[in-house]
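Below is one structure, written out as structure tokens; comments come after it.
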Amino acid sequence: QVQLVESGGGLVQAGGSLKLSCAASGRTFSSYAMGWFRQAPGKEREFVAFISRSGGSTYYADFVKGRFTISRDNAKNTVYLQMNSLKPEDTAVYYCAAGELAGTTYGYNYWGQGTQVTVSS
């Protein structure tokens with residue numbers, strides 16, 4: 001199993017930036033593909049970004065392309081989400097997820113507790 005703990009959320013003005021981190025513990029971090037998801041109040045959870053086990057492949061939801069960047073440091077057992085040009089509609093709880101067989105938007109077995117991101121207009 002792997003345990004995931006997100007951090008880095010907060011309140012930011014529109015146009016600002018935040019960097020989320022997700023620290024993993026447990027089994028070998030590099031065995032897991034990683035993803036970020038988000039859930040806004042009253043809405044379903046949605047996919048944000050994916051990164052492969054090695055970090056060599058990434059994939060993004062259309063609504064974050066060019067603004068968000070996912071990365072990972074396997075030596076530190078951490079995955080990141082750099083969020084730039086934030087918009088009020090980016091307000092949500094952001095979750096990281098892990099899966100040994102995960103592929104972009106599906107196949108995640110482990111989830112963190114989430115971190116709140118609030119973007120003011």
Side-chain angles (χ1 to χ4, degrees):
Q1 288 201 2
V2 62
Q3 293 77 42
L4 304 172
V5 178
E6 302 95 336
S7 62
L11 174 64
V12 64
Q13 289 188 333
S17 298
L18 280 176
K19 186 174 184 177
L20 306 183
S21 299
C22 173
S25 61
R27 292 179 60 186
T28 307
F29 179 66
S30 59
S31 298
Y32 295 89
M34 301 295 296
W36 285 97
F37 291 74
R38 70 186 188 185
Q39 187 167 19
K43 295 186 177 182
E44 293 187 353
R45 186 172 60 194
E46 61 183 355
F47 167 79
V48 175
F50 161 89
I51 189 164
S52 62
R53 295 170 187 78
S54 68
S57 178
T58 58
Y59 179 75
Y60 298 92
D62 286 344
F63 54 78
V64 302
K65 284 181 180 177
R67 299 190 299 126
F68 292 10
T69 302
I70 189 171
S71 61
R72 68 188 295 163
D73 185 337
N74 285 345
K76 295 183 178 180
N77 286 5
T78 303
V79 63
Y80 306 97
L81 186 68
Q82 176 67 47
M83 305 185 295
N84 299 328
S85 302
L86 283 161
K87 305 174 181 180
E89 51 264 45
D90 293 318
T91 295
V93 178
Y94 283 72
Y95 299 90
C96 71
E100 292 177 298
L101 301 178
T104 59
T105 65
Y106 61 92
Y108 295 92
N109 306 106
Y110 305 101
W111 297 82
Q113 294 300 306
T115 186
Q116 176 70 47
V117 172
T118 302
V119 184
S120 63
S121 57

Sort and list the pairs that fulfil disulfide bond (SG atoms under 2.5 Å apart) and have at least one residue in residues 59-93, not counting sequence neighbours.
none
dist Lys19:NZ -> Thr69:OG1 (nearest 0.5 Å) comes out at 9.5 Å
Which heavy atom of Leu18 sits nearest to which heavy atom of Gly8, and what is that distance?
CD2-O, 3.8 Å
Could you give the side-chain donor-acceptor pairs of residues 114-121 under 3.5 Å, partners two or more places apart or in another chain?
unit_1	atom_1	unit_2	atom_2	d
Thr115	OG1	Gly9	N	3.2
Gln116	NE2	Ala92	O	3.4
Gln116	NE2	Thr118	OG1	3.3

Counting C-beta onward and ignoring hydrogens, is there a side-chain heavy-atom pair between Met83 and Ser17 closer than 4.5 Å?
no
Can you list, pair by pair, the side-chain donor-acceptor contacts under 3.5 Å of residues 101-109, counting residues two or more places apart and other chains?
unit_1	atom_1	unit_2	atom_2	d
Tyr108	OH	Thr104	O	2.5

Residue pairs passing the ring pair (Phe, Tyr, Trp, His ring centres under 6.0 Å) test with at least one member in residues 51-74, sequence neighbours excluded, are Phe47-Tyr59
Report the distance from atom CG of Leu11 to atom OG1 of Thr91, rounding to the nearest 0.5 Å.
8.5 Å
From CD (Gln82) to OG (Ser21), nearest 0.5 Å
9.5 Å
Start with the C-alpha distance between Arg72 and Phe29, add both sets of side-chain angles, then the distance that settles side chain to side chain contact (heavy atoms under 4.5 Å, CB included), and finish with yes or no.
CA-CA 10 Å; Arg72 68 188 295 163; Phe29 179 66; 3.3 Å; yes
Would you mind writing out the side-chain donor-acceptor pairs for residues 34-42 within the sub-3.5 Å range, not counting sequence neighbours?
unit_1	atom_1	unit_2	atom_2	d
Trp36	NE1	Tyr80	O	3.4
Arg38	NE	Glu46	OE2	2.7
Arg38	NH1	Asp90	OD1	2.9
Arg38	NH1	Tyr94	OH	2.9
Arg38	NH2	Glu46	OE2	3.3
Gln39	NE2	Lys43	O	3.0

Sort and list the pairs that fulfil disulfide bond (SG atoms under 2.5 Å apart) and have at least one residue in residues 91-121, not counting sequence neighbours.
Cys22-Cys96
Indicate yes or no: at least one non-hydrogen side-chain atom of Trp111 is less than 4.5 angstrom from one of Leu4.
no
Taking the side chain from Thr28 and the backbone from Ser30, do they hold a donor-acceptor pair closer than 3.5 Å?
no
Are any of the side-chain heavy atoms of Leu81 and Val48 separated by less than 4.5 Å?
yes
